[in-house]
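All remarks here apply to the structure that follows.
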Amino acid sequence: MNFPELDHLVMKLWEERNIRNRTVSEREGCPDYITYDGPPGTNGKPHIGHMMQSALKDLWPRYYTMKGCRVLRKAGWDTHGLPIELTAEKELGLKSKHDILTYGVNKYIDYCRKTVFRYKDAWTQAIKRIGRFLDTDDFYATLTREYIQTDWWVLKQAWDKGLLYQGHKIMPFCARCGTSLSAHETAQGYQDVTDISLYVKFPLKDTENTYFIAWTTTAWTLLSNVALAVNPKLSYVTLAVGSDRLILAEDRLSALKEMIGDYKIIDRKPGGEFAGVHYRPLWDFQDNLDQDAHFVIADEYVTAEDGSGVVHLALYGEDDFRLIQANSLPLVRNVDREGLCGPKTGKFSGRYFADENLDVDILKDLAAGGLLLGKEKITHSYPFCYRCDERLLYYATSSWFLRTSSFKDRMLAANEDINWYPAHIKHGRFGNWLENNVDWAISRSRYWGSPLPIWTCGQCGHQECVGSVRELGELRGEPIADDFDLHKPYIDELTLPCKECGGEMVREPEVLDSWFNAGIMPWGQWGYPAAPGSRELFENQYPSDFICEAIDQTRGWFYTLLAISTMLTDRSSFRNVICTSLISDESGRKMSKSRGNVIDPIMICEKYGADAVRLNFYSVNPWVAKRFSEDELVEGLKQVLIPYWNAYSFFVTYARVDNWKPHDGDALAGHTLDRWILSRLEWLRETVETSMNNYDAASATGAIVTFIDELTNWYIRRSRRRFWKSEDDQDKAVAYDTLYRVLCDLNRLSAPFLPFVTETVFQNLERAYNPEREDSVHLAAWPAGDPELRDEHLEEAMREVRDIVSIARSLRNEGNIRVRQPLPEIIVCGIPEKLSDELESLVLDELNVKRLQYRDDESELFSYRAKADFKRLGPRLGGKLKETAAAIADLNDDAIQQLIQTGEMEIAGVKVSRDDLILERVPREGYWVRSEANLTVAVDNRIDEQLRREWLAREFVHHVQNLRKEADLEVTQRIVIEFNGGEEMRDAVTAHLEYIKVETLANSLEFVTDLPAGKSIKVADQTGKILVNSV
RNA sequence: GGGCCUGUAGCUCAGUUGGUUAGAGCGCACGCCUGAUAAGCGUGAGGUCACAAGUUCGACUCUUGUCAGGCCCA
């Protein structure tokens, strides 16, 4: 069996019959099941983690298609954003924005455009190879005019609602590259560095010799200090140290003792009381500011975990910025975008902020002025530019914001209607993120992206937000040409006349955050509202039932989808969402190009087949961190796919031999085994449906795996003989009908999970017999099932049978008596009712024993030991339980026997009934016995002459069968046997001659005196030679 | 530094509202079967449920803390 090869045949079949598109077109008019494809970027290759998402994204659409829904499968690609620009910069050798301008923005974005689809084919191929039905022909892409227009339309809605505004944002900034960095880029560049941290004395304005002690790890920011912050609730002490008075958080005192030296606490009050107190700036050059500054602010973000509990504020930090804004402090930036100290920094003017000596010089200067309490070295993580390895500085830059905080409550309400898998994301990671929502900075000072459609008048400052290309043309007084590229730099050349003053309006130069593109995808994929038909499509396909992405999207796509959809429709655009974890390699390391541990999905599919890869992704909960290992794929093959295939091929082999064909009025469920497997099939259908409804692929897959095991290792194994019998009796017909039905239904139930192998089986098992059948299993209907077939009583009985068998085998194993040796009897205790004849004969046959006996009175075999049933007695007895339980454990066999008979007795002053005890059976000496739970099995191991002969005969058959196999005979080939051997063996063979002939399909068996060509055999002390010839 | 998650057999993972002896697969050992054969099956040995305290008659399960790992954010 070559699964990868089979995959290709199936893909060819799908291609030829256009199955992917027909899963949609043949469900026209059916209820819609809606899923959104989050647009991946295609300027990088897909890896195995993407394939996990592809596998999951494919599962429910296939399932719901079979359930009779129409599922659109539109693909989408993210074609804007920083990753693309970074690739372009790197390949063009551009290091900064300045370089880009020199190179030419038009040439630069042309290059970006060329790279965006670089790996689109690789993505399409990988998606196809894993068997995902995704319409990669009719895709949406964020760079198209249609899509950009939807961006504009959404922004116009926001604009009209007053939700767009221009503000400042603190961004990590690389002075050398002249670029601000995204959070993602910044995260890549954190390094542990050792800096000098300073404890600085800020002198109070109105109180002599009194200082706030503030702590900083970035001395250069002191040059831009505008305020100090304390925590209003923490206690601050004033210390007398010599003639100085020092103010700091009491909690920090112990840590700073050494630095401070001898002190006396002379005052103690909460930080809140210092609010508004003014201090003198450290340097004169900081003095003359336009606005009030240099006073104390109370804010709870200040902690006493390190430093002094007093924080100095400068415009180079996010919390600083927030407080500076909230308190209308002046925006002082004495270090500029180049990283250089500005003209208002006195002797430091012109120095580079990251120059190590600058810190030292500032330190010396402060010390000279008596403003330094102390210094210490500190190791902390600080962001560096991942490109040029230079220290970043946080810089306040202008940005456009979407006022998401104004509808935070509505987002929280919308979140309540989303089913998260796993559930904890809802109020955990995602809910917390929403609770702490701040306005979304939607603009980027970059080049390759959707242009922000806002024009500002250079004269009067009037602003317009343009909602479509047509509107833009109307405002300009001439239509925009169809082939006009809306990207920078071209769009920037379009100016508008100002309605207010007639001046010239120029576009705001920013582009949109590419997450904004992703968030508008429910509208953008149809080009809503400008594209023809887009309104109908949107209304029909909103909101979606299901999306699936990796966990890192909580602040990415999941958030932006919710923000946009809440803003526009006051609800979430998705109902169910699976968050997958990221996939790591076998040793738990993240896969990355630099480590060289990235696994190519196509290669892995070509090695093991796509079904094995899918199965692997489905079998564990997708949100637990998964280590990808090829060994597990092999395991899935061995445990599931190969047995699956073998079950199918077993059926086909015999159906061919018997020329069996499916027919109307199937004669189902004659034999107990048949009724059992049909009941289990019904269980499987119910379990898979329930699991799929709960977006639980792992449980559904587990059920399929369990069923395949039951089918192959019990139903088929126990039924094999029913298929060999050469007479066409009724039982055989029923066996065929049943197995056929089971295989067909199992195949359909498995189709969404294992689309390739099930397609092959469908073609051969269903369509080959009936050309009227659908062209593909993926166009076929989900099995309707029949609750009548469920027989839980029988399932329970079969579980008992398998338990009995298992225990008895274990006993045989211990006694070292192989199954071929027949044994006279087993004794079973502890099952509620006797087994039916058919089940009993299953047990006898499986174990090769002659008789099964039941024993109610087990006392011959066992003595009893009792334990308290804690679940029953616990709530009733409470604290008295321990004592009672001990007394119960002390009961002897007689007392327990008595309790069983009377049903109730008093133990340690407590009335206890039979049901309050859990009985354990302890085998008595002299029996070959074992119990598990309530079930006990004893095996009689006395072997008499007759049983020994029977054993020898079976060994004889065994050897003949091996010879048949060695000679590669057809299963129906008849033979003649010649045998030469010892007396006991001959007697055994004679005694069981008919049995041997039937089993081995032998026409005759002759004893000969000499057999040089024969195969030597040895059974116990018996030796002989056998020769097999076909006739 | 903050938030969320995870820690169960050598490995990969299950474990339902707290309740009898914590399960499965792989690997390992032993055996079986061979008329489904890149085979298959059975049995067995492996666990102080990361650690500690608390709540409780009773904790893998609930609470708190510690340690380790992951993700996101700073």
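Note that the structure is predicted; figures quoted are calculated from it, not measured.
- For B:G27, there is no paired nucleotide, since no Watson-Crick or G-U wobble pair has both relevant distances below 3.5 Å.
- Base pairing of B:C60 is not made with any nucleotide, judged by Watson-Crick or G-U wobble geometry with both donor-acceptor distances under 3.5 Å.
- Taking a cutoff of 4.0 Å between a charged side-chain nitrogen and a carboxylate oxygen, A:Glu999 and A:Arg954 do not qualify as a salt bridge.
- To the nearest whole angstrom, the two P atoms, one in B:C60 and one in B:A52, are 12 Å apart.
- Judged purely by distance below 3.5 Å, without hydrogens or angles, the side chains of A:Glu710 and A:Tyr715 never pair a donor atom with an acceptor atom.
- Note on A:Ser619: nothing from the nucleic acid sits closer than 4.0 angstrom, heavy atoms only.
- Across all strands shown, A:Arg812 has no heavy atoms under 4.0 Å from either base or sugar-phosphate atoms.
- Between A:Tyr644 and A:Tyr648, the distance from one ring center to the other does not fall under 6.0 angstrom.
- Between A:Glu955 and A:Lys607, the residue anchored nearer the 5' end of RNA chain B, judged by the nucleotide with its closest heavy atom, is A:Glu955.
- Heavy atoms of A:Ala647 sit under 4.0 angstrom from at least one base atom.
- Contact annotation: side chain of A:Arg820 to base of B:C32, donor-acceptor pair absent below 3.5 Å.
- Nucleotide B:G40 is matched to B:C32 when pairs are restricted to Watson-Crick or G-U wobble geometry with both distances under 3.5 angstrom.
- Side-chain proximity of A:His958 to the nucleotides B:U34, B:G35, B:G27 is greatest for B:U34.
- Each of A:Val957 and A:Asn2 lies near RNA chain B, and the nucleotide nearest A:Val957 is the one positioned closer to the 5' end.
- Across all strands shown, B:C51 forms a Watson-Crick or G-U wobble pair, both distances under 3.5 Å, with B:G65.
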